[in-house]
There are 2 protein chains.
Amino acid sequence: MGASKTDHFTDKQNSIATLAKALGHPARIAILEYLIKVDTCICGDIVNELPLAQPTISQHLKELKNAGLIKGSIEGNAICYCIDEKTIGKLQDYFKNIAIKLEKKNNCC
Amino acid sequence: MGASKTDHFTDKQNSIATLAKALGHPARIAILEYLIKVDTCICGDIVNELPLAQPTISQHLKELKNAGLIKGSIEGNAICYCIDEKTIGKLQDYFKNIAIKLEKKNNCC
DNA sequence: ATTGTATATTGCAATATTACGATAGAGTTT
DNA sequence: AAACTCTATCGTAATATTGCAATATACAAT
């Protein structure tokens with residue numbers, strides 16, 4: 001096989017997994033961090049910044065966008081990509097919640 | 001191709017991407033959440049809990065373990081798996097940090 | 001020692017991801 | 001309009017992931 005059985009899990013589980021998967025590649029982490037670093041968020045810079053070809057970066061941007069981690073708006077003939085704070089907040093909350101729950105437990109190992 | 005060019009990115013970027021990738025599957029999210037839910041952390045339960053065959057779960061557990069998200073200790077003929085709080089903390093910090101940096105910026109889009 | 005239970009490993013088929021050259025589309029500039 | 005810039009899409013090769021049956025390993029209990 002190879003297809004993941006997304007239908008067997010809850011929507012929330014699938015949702016978090018999708019976000020995590022989108023971040024599961026160093027190039028996409030690097031794109032995210034670059035978007036944080038610079039104040040402008042034109043995409044052309046990213047191609048010069050990362051050691052990847054333009055189509056590859058375009059593809060990674062698409063995946064980040066599909067996952068809802070970034071959003072892009074057309075700005076002349078360039079595209080203004082930036083991070084979607086809500087989605088980052090969702091991830092932040094998720095891990096914070098786990099940490100809180102773990103504190104309340106006596107970890108048995 | 002298909003191999004990701006990990007050598008072109010920083011150690012920290014690769015490290016976060018590895019963690020995210022390990023969480024990038026609903027079954028592994030479900031395993032994590034199950035480990036939080038129950039107080040005991042014997043693995044046998046997980047096989048009964050998830051709609052996946054035992055070898056598949058064993059494989060997912062291995063990936064979570066390799067990523068440092070869970071740790072397992074042998075307990076008789078069962079294995080006691082539990083979450084590694086440090087790694088969750090690392091993720092929590094990472095997203096918290098991004099959220100803080102985004103607050104300080106005027107998001108241009 | 002044999003049987004039973006819990007977990008890991010192997011091998012393999014189906015599918016997904018990654019990367020990029022070539023090309024296309026869309027706006028800008030001259 | 002022609003040339004240029006920026007980004008997306010297509011096609012395709014290399015590689016990785018997913019899932020499971022079969023099998024192996026390791027300990028426990030009888």
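The sequence lines fix the lettering, A, B, ..., with proteins before strands; numbering per chain opens at 1.
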Check: In chain order, what residues pass the side-chain hydrogen bond (donor to acceptor under 3.5 Å, both in side chains) check against Gln92(A), with sequence neighbours excluded?
Finding: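 Gln92(A) satisfies side-chain hydrogen bond (donor to acceptor under 3.5 Å, both in side chains) with no other residue.
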Next item on the list: With sequence neighbours left out, write down each residue that passes side-chain hydrogen bond (donor to acceptor under 3.5 Å, both in side chains) with Gln59(A), or none if nothing qualifies.
Entry: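 Gln59(A): no side-chain hydrogen bond (donor to acceptor under 3.5 Å, both in side chains) contacts found.
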Provide, to the nearest angstrom, the distance between the [atom1] atom belonging to [X] and the [atom2] atom belonging to [N].
X        : N       : atom1 : atom2 : answer
Leu50(A) : dC20(C) : CG    : C1'   : 15 Å
Leu64(B) : dT17(D) : CG    : C1'   : 14 Å
Leu52(B) : dT18(D) : CG    : P     : 11 Å
Asn48(B) : dA6(C)  : CG    : C1'   : 11 Å
Leu61(B) : dA8(C)  : CG    : C1'   : 11 Å
Ile46(B) : dT5(C)  : CD1   : C1'   : 16 Å
Asn14(A) : dT18(D) : CG    : C1'   : 15 Å
Ile79(B) : dT7(C)  : CD1   : C1'   : 6 Å

Kindly say if [X] contacts the phosphate of [N], meaning a side-chain N or O under 4.0 Å from OP1 or OP2.
X        : N       : value
Thr56(A) : dA19(C) : no
Lys21(A) : dT17(C) : yes
Lys62(A) : dT9(D)  : yes
His60(A) : dT17(C) : no

Item checked: Full working for side chain to side chain contact (heavy atoms under 4.5 Å, CB included) between Ile46(B) and Leu61(B) -> CA-CA 10 Å; Ile46(B) 299 176; Leu61(B) 284 167; 4.3 Å; yes
Note to self: How long is the straight-line distance from CG of Leu32(A) back to CD of Gln13(B), given to the nearest 0.5 Å?
What the structure shows: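 It comes to 10.0 Å.
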Check: From the list dA21(D), dT18(D), dA8(D), which nucleotide is the closest neighbour of the side chain of Ala53(B)?
Finding: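 Selected nucleotide (nearest to the side chain): dA21(D).
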Margin query: As a test of reading the structure: which of dT9(C), dA8(D), dT9(D) is closest to the side chain of Tyr81(A), going by heavy atoms?
Written below: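 Output: dA8(D).
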Check: Is it true that Lys37(B) and Glu49(B) make a salt bridge, defined as a side-chain N closer than 4.0 Å to a carboxylate O?
Finding: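 Between Glu49(B) and Lys37(B) there is a salt bridge, with a charged N closer than 4.0 Å to a carboxylate O.
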Next item on the list: Decide yes or no on side chain to side chain contact (heavy atoms under 4.5 Å, CB included) for Tyr94(B) and Leu23(A), but give the supporting numbers first.
Entry: CA-CA 12 Å; Tyr94(B) 185 76; Leu23(A) 293 174; over 6 Å; no
Note to self: For a quick check, with a 4.0 angstrom heavy-atom cut-off, what is the B/S/- contact string for nucleotides 22-30 of chain C, read 5' to 3'?
What the structure shows: B----SS--
Check: Which part of the nucleic acid, if any, lies within contact of Glu63(A), taking any heavy atom under 4.0 Å across all strands shown: a base, the sugar-phosphate backbone alone, or nothing?
Finding: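 Here Glu63(A) touches the backbone only, sparing every base.
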Next item on the list: Kindly determine whether Lys65(B) and Tyr81(B) satisfy side chain to side chain contact (heavy atoms under 4.5 Å, CB included), including the steps that lead there.
Entry: CA-CA 9 Å; Lys65(B) 198 176 169 189; Tyr81(B) 275 117; 4.0 Å; yes
Checklist line | Comparing Arg28(A) and Lys65(B) on DNA chain C - which has the more 5′ nearest nucleotide | finding: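 The residue mapped nearer the 5' terminus is Lys65(B).
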